[in-house]
Amino acid sequence: MKNRKHIVICEDAKTRITINRKWCKGCEICVEFCPQKTLLMEGDKAVVRDIASCNRCMLCELRCPDFAIEVSEGTGR
Amino acid sequence: MKNRKHIVICEDAKTRITINRKWCKGCEICVEFCPQKTLLMEGDKAVVRDIASCNRCMLCELRCPDFAIEVSEGTGR
Amino acid sequence: MSGRYEIRLGGSGGQGLILAGVILGEAAAIHDGKNAVQTQSYGPEARGGMSKSDVIVSNEEIDYPKAYRMDLLLALTQASFSGYVKDVKPGGLVVYDTSLVRDVCEGNYRLVGIPIVETATRAIGKSMVANVVSLGAIVELTGIVSKEAVEKSLMGRAPRGTEEINRRALHAGYDLVKNAEQKTTAGNR
Amino acid sequence: MSGRYEIRLGGSGGQGLILAGVILGEAAAIHDGKNAVQTQSYGPEARGGMSKSDVIVSNEEIDYPKAYRMDLLLALTQASFSGYVKDVKPGGLVVYDTSLVRDVCEGNYRLVGIPIVETATRAIGKSMVANVVSLGAIVELTGIVSKEAVEKSLMGRAPRGTEEINRRALHAGYDLVKNAEQKTTAGNR
Amino acid sequence: MGFDYMKYLREEKMPHIWCPGCGHGIVMKALIRAIDKAGLDQDRVVVVSGIGCVSRMPGYLDFNTLHTTHGRALAFATGVKMADPTLHVIAVMGDGDAVAIGGNHFIHTCRRNIGITTVVANNSIYGMTGGQRSPTTPLGDNTSTTVYGNADPPFDISALAVAAGASYVARTTTYHAQQIERLIVSGFENRGFSLIEVIGPCFVAHGRRNRARYKSNLDMYREEKETAINVTATKGKPQSELMGKVTIGVLHHAPMPEFTDEYQKVIEKATHVRTI
Amino acid sequence: MGFDYMKYLREEKMPHIWCPGCGHGIVMKALIRAIDKAGLDQDRVVVVSGIGCVSRMPGYLDFNTLHTTHGRALAFATGVKMADPTLHVIAVMGDGDAVAIGGNHFIHTCRRNIGITTVVANNSIYGMTGGQRSPTTPLGDNTSTTVYGNADPPFDISALAVAAGASYVARTTTYHAQQIERLIVSGFENRGFSLIEVIGPCFVAHGRRNRARYKSNLDMYREEKETAINVTATKGKPQSELMGKVTIGVLHHAPMPEFTDEYQKVIEKATHVRTI
Amino acid sequence: MTEQRETRRIRFIQGNEACAEGALYAGCRFFAGYPITPSSEIAEVLGEKLPRLGGRFIQMEDEIAAMAAVIGASLAGVKSLTATSGPGFSLKQENIGYACITEVPCVIVNVQRGGPSTGLPTGPAQADILQTRWGTHGDHPIIVVTPSTVAEMFTETVRAFNLSEKFRTPVVVLADEIVGHMREKLVVPATGEIEILGRAKPACDPSEYRPYDVSRGDVPPMANFGEGYRFHVTGLSHDATGFPTSDAATVHADQVRMTRKIYGRLEEIEKSEETETGDAEILLVAIGSTARSARSAVRLARERGLRAGLFRPITLWPFPDARVRDLAKKALAVVVPEMNLGQLALEVERVAHCDVPITGVHSAGGEAISPAQILAAVEKAVVR
Amino acid sequence: MTEQRETRRIRFIQGNEACAEGALYAGCRFFAGYPITPSSEIAEVLGEKLPRLGGRFIQMEDEIAAMAAVIGASLAGVKSLTATSGPGFSLKQENIGYACITEVPCVIVNVQRGGPSTGLPTGPAQADILQTRWGTHGDHPIIVVTPSTVAEMFTETVRAFNLSEKFRTPVVVLADEIVGHMREKLVVPATGEIEILGRAKPACDPSEYRPYDVSRGDVPPMANFGEGYRFHVTGLSHDATGFPTSDAATVHADQVRMTRKIYGRLEEIEKSEETETGDAEILLVAIGSTARSARSAVRLARERGLRAGLFRPITLWPFPDARVRDLAKKALAVVVPEMNLGQLALEVERVAHCDVPITGVHSAGGEAISPAQILAAVEKAVVR
Ligand SMILES: Cc1ncc(C[n+]2csc(CCOP(=O)(O)OP(=O)(O)O)c2C)c(N)n1
Ligand SMILES: Cc1ncc(C[n+]2csc(CCOP(=O)(O)OP(=O)(O)O)c2C)c(N)n1
Ligand code: SF4
Ligand code: SF4
Ligand code: SF4
Ligand code: SF4
Ligand code: SF4
Ligand code: SF4
Ligand SMILES: [Mg+2]
Ligand SMILES: [Mg+2]
């Protein structure tokens with residue numbers, strides 16, 4: 001994914017969550033099934049509520065039907 | 001079956017075997033699987049060898065694919 | 001009115017514009033005794049994305065059934081405004097929702113901006129009835145069908161139990177127009 | 001010989017007449033450098049019942065590929081004799097098996113009755129080669145193909161191990177004719 | 001004694017076209033006896049077939065008879081049954097008809113459990129067209145399209161029917177002529193889709209090409225006799241002992257609602273509940 | 001972490017056409033990961049589909065991709081595989097594609113055990129055409145063609161595949177995203193035909209019409225989660241406890257010779273043994 | 001509500017819905033189909049309405065099965081319908097031929113979309129014109145009607161059933177996406193307002209019944225399965241008894257008879273509409289939704305002083321050779337607009353090209369042809 | 001033995017066998033089929049011979065699957081064939097349209113028997129003439145060749161493959177039962193004696209490959225699956241990239257281009273044979289086995305002093321409009337014998353009827369038309 005305006009990155013030392021707002025269709029799957037309640041819906045897009053709570057289980061990424069959310073290790077920036 | 005020339009009837013007191021020589025295609029099934037060896041092939045048609053040996057098990061009639069052999073009780077004629 | 005009058009209801013899937021078009025067409029064809037043809041977009045264009053419902057009303061027989069030089073465009077999304085406005089005929093009418101359509105370009109048509117969705121949500125309590133509010137606005141603006149006709153048609157199509165809310169939405173549409181500021185531009189396109 | 005010569009080999013399925021026709025056609029077309037077309041009957045007619053294999057031989061190109069006025073009919077069953085004899089052309093030749101065809105009607109054709117199946121069974125020991133015996137008889141009678149050609153063709157088609165028996169059958173066919181009484185009738189059909 | 005087949009035969013069409021020793025005649029006779037035993041009204045029986053040797057059967061049977069296109073018998077039969085659910089609809093098909101080109105209709109008709117009694121005369125070959133491999137031809141067999149031995153594994157038609165949802169599935173062979181009749185009769189009794197698979201010989205187009213196993217059609221019947229094992233006798237037997245065996249008898253019977261009956265409920269709902 | 005899907009996506013074709021919450025995207029991602037994990041050469045992978053929502057998948061995938069006619073994916077795939085058995089041939093179909101119009105190709109491809117890895121995205125509905133009943137729609141459901149409730153009983157696709165002869169049959173749901181991937185990878189490892197059935201939601205054309213069960217697509221995912229039971233956990237459980245459950249995991253694995261391998265033997269025979 | 005009524009009803013509905021209503025009005029009580037855009041609404045409406053009238057609806061496993069089921073149901077005496085679009089219509093071809101040779105009445109709707117193959121599933125086209133005539137193998141006469149309004153989707157479906165029953169033949173309603181999907185006013189006639197025909201039934205004793213007895217005319221009376229006439233139906237060539245024959249003379253004669261049963265009674269089958277053809281120098285020939293554009297074009301042309309006229313075949317097949325030839329003879333030019341690359345034009349060419357030059361106006365990309373495009377062609381035709 | 005050889009071989013074989021041999025000569029290495037009379041021998045011969053050459057043969061579950069498999073195999077780079085007769089040909093129609101729109105080379109043999117439906121499975125016919133042109137839905141150009149001798153079953157099959165590869169299009173070999181089943185001499189040419197064409201391959205880098213790039217001509221170069229060009233193939237209307245589009249202008253232009261790729265290069269496709277046409281007053285037009293009878297009839301007519309001549313289209317579609325029109329212009333009458341009720345005649349009528357009266361000689365009962373029947377029609381035509 002090229003870094004464009006619609007790409008929103010949320011990051012802490014351990015975790016980096018990237019959401020492609022153009023591709024996100026607002027299905028809420030990532031939010032609903034995140035075991036940590038890390039995510040929430042803001043209008044019809046998923047956003048990170050609390051990056052620190054993420055345990056990087058990857059379930060949101062695995063289940064997002066739209067290739068719109070990506071979880072990786074924080075770059076420590 | 002109307003009684004025509006090609007209908008051959010062989011009968012004793014107990015048994016009547018009717019063979020339709022026009023329909024018989026000579027497959028030998030009746031002969032081969034008659035438990036009493038009552039029948040035999042004559043050229044390419046089945047014929048009765050020994051009517052007395054027949055036990056009226058009906059197997060020949062049941063298996064004849066051509067509706068060409070019929071077993072019934074003898075009329076006692 | 002005589003002759004052919006072309007209306008396009010443009011928006012996105014789920015806004016109920018197809019139904020609005022059907023109600024309008026039915027009002028004209030059945031209750032006002034005119035001729036009407038309603039068509040809509042199908043296929044990828046219709047799924048999720050832009051949706052359009054075209055109604056042609058005429059006192060004469062309608063041959064060509066597709067809208068091609070619109071007398072009126074209703075735009076409930078920016079995309080439908082931008083995409084369809086070029087097909088409005090000179091001197092035509094463009095009605096748009098003031099909250100959803102922000103980038104309004106002027107041309108040889110009359111622009112009418114009204115808060116349709118807001119009205120539906122605030123006054124009626126259901127954004128879903130924006131389509132009926134729009135209907136009211138269009139009828140008030142153009143008189144293309146009689147109010148009796150559109151009301152009969154609406155009542156015939158409204159699911160049981162929603163008659164009242166729909167009637168209110170329709171009237172809210174009438175009222176919106178009565179109160180609205182009308183911008184008219186006579187561009188030289 | 002020049003011009004078209006039509007041969008029908010008629011009998012019942014299983015008598016190998018199709019193959020005989022193919023051997024004859026091949027002899028003419030490949031080994032004698034003539035033109036030949038072979039056709040046969042398909043379908044219900046072919047299953048169990050009557051079977052026919054037609055060969056047309058010509059020095060010229062053969063257009064119409066179906067036999068319709070036969071120069072020669074070979075009949076290995078009564079049914080094929082009775083069914084096909086009417087299509088033999090005036091002055092044509094009818095060869096039949098004397099044991100299988102009993103009801104011979106005369107007409108404007110030459111009748112040649114020979115004990116084909118008997119020869120196959122007695123002289124060769126295999127009724128199966130009646131087709132090849134027939135071939136020999138036809139070749140001897142008509143010279144429609146050369147003996148070298150028919151032998152080459154036969155050897156090319158005979159399954160390995162059966163070459164000798166087939167050659168003997170062919171020659172038995174030649175001999176049959178040489179010895180046969182030939183009935184000729186000049187009816188006035 | 002001596003069953004009178006003539007009542008149900010179009011005698012003027014006889015003798016039939018099947019080759020000497022072909023099992024299709026045995027199946028036809030058993031079907032006639034079964035219809036008679038079940039007491040079905042001759043005028044209310046419809047026999048439907050596709051294309052193939054066995055599919056010529058309806059032509060000989062004095063019922064309402066429908067000889068359709070290759071593979072489509074069950075789809076036509078479904079239309080007949082839907083139009084008039086009180087008709088007794090019987091389908092007769094070959095293995096090619098039923099599970100080669102007709103495989104889709106076969107599984108869907110099983111699934112739907114519509115009241116069609118289906119007899120598949122499975123001779124493991126395309127008889128009509130001269131002996132090409134069918135989807136039930138055993139591995140290794142010679143056919144006109146598998147001259148190096150068949151490499152295309154066969155279906156178990158009955159197992160397929162069970163998995164597809166058929167409520168009654170039975171199998172036997174042409175050797176077991178009486179059992180065919182009995183199995184068809186119980187097929188009639190099952191309200192819904194019933195399959196009776198009858199394994200039979202085609203010496204002319206199949207046996208002849210596999211002389212190592214079959215010198216004549218009789219060898220094929222003998223094989224049926226020898227390889228058959230009644231389903232009741234298989235209980236508890238280890239898989240190894242059943243290798244090469246053909247299980248016969250009622251393989252599966254699990255009654256479930258018949259489709260036109262269920263549709264009748266739809267009609268009742270529709271004529272009562274009125275949605276706009 | 002963070003799998004890079006872009007290597008295998010035709011990014012310029014994204015976002016895909018599927019509705020919000022549609023499970024097809026989850027299947028596509030799992031397939032991509034499985035291909036990556038199995039290390040298949042991108043140039044040697046052919047993805048074949050029929051017609052339907054999920055059958056649009058190949059358009060997004062950067063392989064050799066073939067979007068065919070409705071129901072015929074496996075028949076096209078068979079041609080591709082026969083022409084070049086070294087290609088990795090993958091078929092993706094919907095339930096309608098696979099077992100409605102495509103049912104015959106489905107059972108025959110299972111039977112043949114040809115090396116095609118097949119993913120059926122079973123959402124129990126015809127999504128593409130707007131929500132008509134499919135052969136996997138549950139009894140009683142409302143669809144655009146069953147407004148009085150569906151009376152046409154559904155298939156168990158996996159069971160059908162097993163009976164048809166498939167050598168590897170696995171099932172899971174879109175909720176079990178990781179398991180899809182694993183099951184596809186082991187499908188690749190099975191030499192022959194492998195079926196991976198993935199049960200998924202179509203809220204737009206199915207769920208919406210059955211509001212009593214589903215308020216949103218999330219309810220459909222929840223149902224997948226709740227009804228699924230791993231096959232390993234079913235052992236010994238009485239049938240009654242499994243009612244309404246969906247068994248997931250590898251349901252059947254019985255390796256058998258792959259068809260193009262067997263055909264290679266035919267070629268070898270043919271080039272050595274010469275008949276006249 | 002779809003029950004037949006004492007009074008007319010006015011509705012504002014889609015062409016596809018009107019088609020379904022027409023089927024019900026004509027007495028259709030069985031539908032078998034397989035969904036496909038842009039015809040699915042016909043199935044959906046009938047899935048809801050048929051059971052209300054005691055009729056039956058079934059969604060089959062594919063289009064082949066749907067066609068088969070429809071024929072089976074018709075043989076059991078129930079008027080039957082199927083509906084599809086191009087891909088499904090292609091699949092039905094074999095069984096359409098079966099209905100032709102067995103002379104089983106039934107109606108097939110094809111709502112045309114862009115082709116070939118999957119093509120443009122939601123784009124209109126008229127590219128199956130020649131397929132409806134020649135799509136199945138072997139000689140086979142067939143009747144094809146082409147509605148161009150929502151009202152005609154109703155009336156032509158009724159007529160299709162009537163023709164089908166009267167002539168014992170499958171009839172195709174060849175619509176296009178535009179006509180199928182647009183909404184217009186439909187006046188549903190009261191019961192009895194349009195005459196509904198059924199098939200001629202045998203009067204003889206069952207034992208004497210011959211299903212293809214044409215001694216009293218080219219259309220043999222037809223018994224239903226289950227009525228006591230135990231007859232045989234086969235897709236093999238057959239004689240009057242219904243049993244197979246391969247007697248060449250019999251088969252040839254029967255093929256000729258089957259053609260004659262349609263072509264010999266054209267006056268009962270042909271239907272067309274003419275607009276300003278009286279003095280037309282430029283003749284337009286068009287069907288379906290394109291004919292509507294053509295009618296507009298005629299008006300525009302007349303406004304410009306051009307003597308244009310439109311001939312619209314409503315019965316497309318058998319093609320109205322005679323009338324088209326007559327009109328063409330009087331014209332200076334013929335213009336054939338159609339949503340394809342030229343199919344109707346070939347037929348017009350066959351019957352009329354010696355008399356007049358023919359030009360086509362084509363659109364094969366899924367877009368309606370506008371009156372302006374046709375007008376341009378008319379103007380050009382005049383100049384030449 | 002079927003391997004290609006240094007020297008010619010002479011064989012006496014059936015037309016169907018010659019067709020199979022022609023396919024092998026042309027480089028066909030895949031066959032998928034479903035048995036049907038009277039075409040089954042083609043499958044049977046190839047089932048035996050393909051594996052000897054390392055090729056592959058598969059008997060599919062039906063004709064639809066066979067057509068699909070053939071397209072799939074061709075996309076993987078292998079020349080592919082299927083063979084069938086009427087009922088199977090009807091079933092293949094949808095996928096034939098797929099091959100047209102995706103422009104995948106392949107050859108389909110239809111050995112015609114009597115129709116419609118099951119008809120006369122072993123009787124000859126020529127009643128699929130118009131179906132080969134119009135059988136699938138949607139506009140689609142197609143090439144159809146019609147052999148009339150065993151030798152032509154070979155050469156026309158070779159030519160069919162060559163045309164198919166050259167033009168990226170399905171090609172139909174339309175034979176009839178007589179030509180398929182009769183035996184004649186076939187001289188199998190030595191390797192190299194007939195030029196064998198392959199498809200034009202892309203020269204560009206895979207990243208730049210556009211599967212329908214027509215910038216260098218109407219026939220786009222074609223990569224095979226697995227070669228590194230990862231492209232998309234769809235039966236939806238698509239643009240040069242191969243991906244779906246519903247842009248009307250693009251789709252229309254592409255449909256026009258696909259027609260042009262065939263109709264624009266007629267000289268490379270047309271093939272015909274003329275017998276005594278130089279001064280012909282009575283023009284016969286016939287194909288396949290009927291053309292043989294017609295040639296006899298020409299000779300018989302000439303013997304009687306009648307100036308008859310025969311035009312035999314070998315490429316049937318695209319139809320040789322220009323030549324038929326020219327010949328018809330010079331003639332006093334045209335006679336079209338065909339084993340059907342008049343199909344070829346309609347096409348002749350289209351191109352020529354303004355110039356000359358046309359009569360047909362028909363046989364639809366499964367019997368060949370004899371030279372005498374044709375002669376009678378010629379004599380009658382003269383009298384008129
Ligand atoms: C569409 C179509 N394809 C192929 C055929 C040719 N055909 C006729 S019968 C048959 C197979 C018959 O085999 P099966 O159903 O097993 O019956 P059997 O002859 O063995 O009794 C085939 C392939 C056809 N008639 N129609
Ligand atoms: C021959 C043919 N018949 C019907 C259709 C219409 N059609 C397109 S997709 C589809 C069903 C799709 O359902 P499914 O395969 O389950 O896929 P989904 O859309 O649910 O993912 C149908 C009926 C078609 N394209 N072709
Ligand atoms: S990785 Fe797991 S914990 Fe983190 S946001 Fe995603 S689902 Fe929640
Ligand atoms: S799962 Fe994906 S598409 Fe759905 S809300 Fe989350 S990020 Fe958006
Ligand atoms: S009835 Fe039994 S014993 Fe008697 S002849 Fe027949 S088979 Fe033999
Ligand atoms: S079983 Fe029947 S056909 Fe066979 S030999 Fe005996 S009587 Fe004849
Ligand atoms: S070919 Fe086989 S199946 Fe057909 S009739 Fe003969 S034996 Fe029976
Ligand atoms: S209609 Fe259903 S299957 Fe199709 S994209 Fe939408 S949710 Fe998915
Ligand atoms: Mg069979
Ligand atoms: Mg689905």
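In what follows, every chain begins at residue 1, and chains take the letters A, B, ... in the order their sequences are listed.
- G:Lys271 NZ: more than 12 foreign heavy atoms inside a 6.0 Å radius.
- Counting non-hydrogen atoms of other residues, nucleotides and ligands closer than 6.0 Å to CZ of C:Arg122 gives a total of 12 or fewer.
- Using a 4.5 Å heavy-atom cutoff, the side chains of C:Glu26 and G:Arg183 are not in contact.
- Scanning all heavy atoms of the two residues, the minimum distance from C:Ala36 to G:Phe12 falls at O-CE1, 3.6 Å.
- Both the backbone and the side chain of C:Val22 come within contact range of chain G, each with at least one heavy atom under 4.5 Å from a heavy atom of that chain.
- With hydrogens and angles disregarded, a donor-acceptor distance shorter than 3.5 Å links the side chain of G:Lys185 to the backbone of C:Lys34.
- Within a 6.0 Å radius of NZ in C:Lys147, other residues, nucleotides and ligands contribute more than 12 heavy atoms.
- Taking CG of G:Leu300 as the reference point, atom OH of C:Tyr64 lies at 12.0 Å (rounded to 0.5 Å).
- Both the backbone and the side chain of G:Ile10 come within contact range of chain C, with heavy atoms under 4.5 Å apart.
- Across G:Pro38, G:Pro121, G:Ser370, the residue that shares the most heavy-atom pairs under 4.5 angstrom with chain C is G:Ser370.
- Applying the salt bridge (charged side-chain N to carboxylate O under 4.0 Å, His left out) test between C:Asp63 and each of G:Arg295, G:Arg312, G:Arg292 identifies G:Arg295 as the sole match.
- One finds the CE atom of G:Met182 at 12.5 Å from the CD atom of C:Gln40 (value rounded to the nearest 0.5 Å).
- Heavy-atom distances place no part of G:Leu120 under 4.5 Å from chain C, backbone and side chain included.
- If you measure heavy-atom distances from G:Thr149 to chain C, you find no contacts under 4.5 Å at all.
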